[in-house]
Q: 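A single structure is presented below for examination.
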Amino acid sequence: DTAVSQTPKYLVTQMGNDKSIKCEQNLGHDTMYWYKQDSKKFLKIMFSYNNKELIINETVPNRFSPKSPDKAHLNLHINSLELGDSAVYFCASSQDRGRYNEQFFGPGTRLTVL
Amino acid sequence: AQKVTQAQTEISVVEKEDVTLDCVYETRDTTYYLFWYKQPPSGELVFLIRRNSFDEQNEISGRYSWNFQKSTSSFNFTITASQVVDSAVYFCALSEAFFYGGATNKLIFGTGTLLAVQP
């Protein structure tokens with residue numbers, strides 16, 4: 001009964017490879033997000049989708065491409081991985097209709113680029 | 001620009017001490033939301049509280065309490081009688097009410113405060 005799930009939990013890969021991280025939420029929320037947490041624990045939003053529509057794109061390199069096949073899923077594809085992409089990536093979701101707009105986070109995917 | 005400042009990088013206390021984590025925010029918006037999240041050593045982010053800009057009442061939940069003061073743009077978090085299980089990084093976050101036809105929000109996080117509770 002996991003609310004927001006991400007796969008994989010750990011991802012180790014070589015520079016230059018392409019990889020994807022998957023996210024699913026079973027909360028019935030309209031909006032999903034990707035955040036990046038760097039080695040100093042700083043959390044920054046990357047993307048936000050509402051009902052499969054891209055709403056927020058925060059100056060992320062275009063090597064990062066989010067894809068939302070339906071409102072319960074938001075995947076993150078990264079091309080040509082670089083050392084600086086090593087981080088923990090968190091998916092989140094929120095119900096943005098009305099007052100209840102706290103974001104619920106997935107467990108995170110730790111990406112290590114060698 | 002919207003900004004959240006958590007000036008305390010690390011705090012170390014002994015179990016049963018009270019501890020307050022500071023959060024100061026900047027925003028031009030009149031409608032906004034403030035949050036606290038906990039990130040324990042296991043790494044997940046756990047939602048603790050949400051407060052909207054029109055509600056300045058303080059809140060208490062068990063050993064946790066929050067003091068929201070618009071006059072000083074602060075949203076401080078106090079843990080009473082701290083326990084080892086409270087050891088975590090705590091993030092304060094600010095959300096703009098962002099309207100495009102519906103509403104969404106973008107969380108702007110502070111840099112976090114690492115709380116270490118020693119037995």
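Proteins get letters first, then strands, A, B, ... in listed order; numbering begins at 1 in each. Computed from heavy atoms alone, side chains included, the values below leave out hydrogens, waters and symmetry copies.
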Q: Please determine whether residues B:Y90 and B:V46 belong to a single hydrophobic cluster, defined as Ile, Leu, Val, Met, Phe, Trp and Tyr linked transitively by side-chain heavy-atom distances below 4.5 Å.
A: no
Q: Between B:F47 and A:F105, is the ring centre distance below 6.0 Å?
A: no
Q: On a heavy-atom basis, which atom in A:Q37 and which in B:F91 lie closest, and how many Å separate them?
A: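 Closest heavy-atom pair between A:Q37 and B:F91: NE2-CZ, 3.5 Å.
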Q: From the options A:Y35, A:F90, A:F42, select the one residue that forms a ring-ring contact (aromatic ring centres under 6.0 Å, His included) with B:F109.
A: A:Y35
Q: Under 4.5 Å between side-chain heavy atoms, hopping through other hydrophobics if needed: is there a path connecting A:L76 to A:V60?
A: yes
Q: Do B:F54 and B:Y33 sit in one hydrophobic cluster, given that two such residues count as connected whenever their side-chain heavy atoms are within less than 4.5 Å of each other, even indirectly?
A: no
Q: Indicate if A:V4 and A:I21 have the same hydrophobic cluster label, given that clusters are the connected sets of ILVMFWY residues with side-chain heavy-atom separations under 4.5 angstrom.
A: no
Q: Any heavy-atom pair between the side chains of A:Q103 and B:L107 that's under 4.5 Å?
A: yes
Q: Same cluster or not: B:V19 versus B:V24, using hydrophobic residues (I, L, V, M, F, W, Y) connected whenever any side-chain heavy atoms lie under 4.5 Å apart?
A: no
Q: Side chains of A:L43 and B:L45, heavy atoms from C-beta outward: is any pair under 4.5 Å?
A: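 In contact.
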